[in-house]
Amino acid sequence: MTLAAVSGLRAALGPAFLETSRRNPKGRNWVLGSIGEMALAKVGVLPRGYHPLMLIPHSLAGAWVARESMRRDGVDDDPSVSIAGAVVAAGVASVTPIARIALTRGLGVSGTLLGLAEDYLALKLGGQATGMSFGQIGEAARDAVEDLRDQVAPDLEIPRLPSPSHSSV
């Protein structure tokens, strides 16, 4: 259910963690979707999470990750698992923006700062649920972006993203 809650924060992130932890090549698509979702949320392109239409992708993602997680653990299909995952994701997606508004108006905390804190929380929870470290999460993101770059513009000289192991301090 942790990945369902993560899906409530960022719809594509729960599936990204699940597929990446399985080392499924499709995980890269989910990772790219997660990066895009986070970026679009920061610039205000996506509607607020409490908008009824926004609950649909969060709920579907929560239902899917709950069902697939149980399947991975060898549990037979139980429809209540998918329903519970959808409810958890929808609940988180509904409560989070309300809490953000309350913190922004009540305490004057920046909405952008709260959005970054939500992203951190989602990444932290997803990493804990799948056993991935922040280094592995960063590596998955870097691999997904580089794979996309290689597919879209293989002949262009586009600099590669720096790797933590190659950085100089």
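The basis for the numbers below is simple: all heavy atoms, side chains too, and nothing from hydrogens, waters or symmetry mates. Treat the numbers as computed from the prediction; the structure is a model and nothing was measured.
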Within residues 124-137 or reaching into it, pairs that qualify as salt bridge (Lys or Arg N to Asp or Glu O under 4.0 Å) - sequence neighbours excluded: none
What residue pairs, at least two apart or across chains, pass ring pair (Phe, Tyr, Trp, His ring centres under 6.0 Å) with a residue in residues 95-146? Tyr120-Phe134
Hydrophobic cluster membership, Trp30 vs Ile35, 4.5 Å side-chain cutoff: no
Taking atom CZ of Arg71 and atom CD of Glu68, what is their separation to the nearest 0.5 Å? 5.0 Å
Using the test side chain to side chain contact (heavy atoms under 4.5 Å, CB included), find all partners of Arg28 that sit at least two apart in sequence or belong to another chain. Asp143, Ala144, Asp147
Kindly list each side-chain donor-acceptor pair under 3.5 angstrom involving residues 11-19, sequence neighbours excluded, with atom names and distances?
residue	atom	partner	partner atom	Å
Glu19	OE1	Asn24	ND2	2.5
Glu19	OE2	Arg22	NH1	3.2

Joint hydrophobic cluster, Met132 plus Leu123, side-chain heavy atoms closer than 4.5 Å: yes
Closest heavy-atom pair and its distance - Val65, Ala4: CG2-N, 3.6 Å
Listing request: all side-chain hydrogen bond (donor to acceptor under 3.5 Å, both in side chains) pairs with a residue in residues 102-116, at least two apart in sequence or in separate chains. none
Give me each pair satisfying ring pair (Phe, Tyr, Trp, His ring centres under 6.0 Å) with a member in residues 82-105, each pair once, sequence neighbours excluded. none
Can you hop from Leu3 to Val87 via hydrophobic side chains spaced under 4.5 Å? no
Where do Gly127 and Ile137 come nearest, in terms of heavy atoms and distance? CA-CD1, 4.1 Å
Checking Ser21 now: which residues fulfil side chain to side chain donor-acceptor pair (under 3.5 Å) with it, not counting sequence neighbours? Arg72
Scanning both residues in full, the closest heavy-atom pair of His58 with Ser7 reads ND1-O, 2.7 Å
List the residues meeting side chain to side chain contact (heavy atoms under 4.5 Å, CB included) with Ala90, not counting sequence neighbours, and say none if there are none. Ser59
Applying side chain to side chain contact (heavy atoms under 4.5 Å, CB included) to Thr96 and not counting sequence neighbours gives Leu9, Val92, Arg100, Glu118
Mind checking what makes side chain to side chain contact (heavy atoms under 4.5 Å, CB included) contact with Val81, not counting sequence neighbours? Met1, Ala66, Met70, Asp78
Cluster membership besides Leu103, Ile/Leu/Val/Met/Phe/Trp/Tyr side chains within less than 4.5 angstrom, sorted by chain and number, is Leu107, Val109, Leu113, Leu114
Test Thr20 against Val31 for side-chain contact (heavy atoms from CB on, under 4.5 Å), laying out the working first. CA-CA 8 Å; Thr20 301; Val31 169; 3.5 Å; yes
Residues that Asp119 engages under side chain to side chain donor-acceptor pair (under 3.5 Å), provided they are two or more places apart: Arg10, Lys42
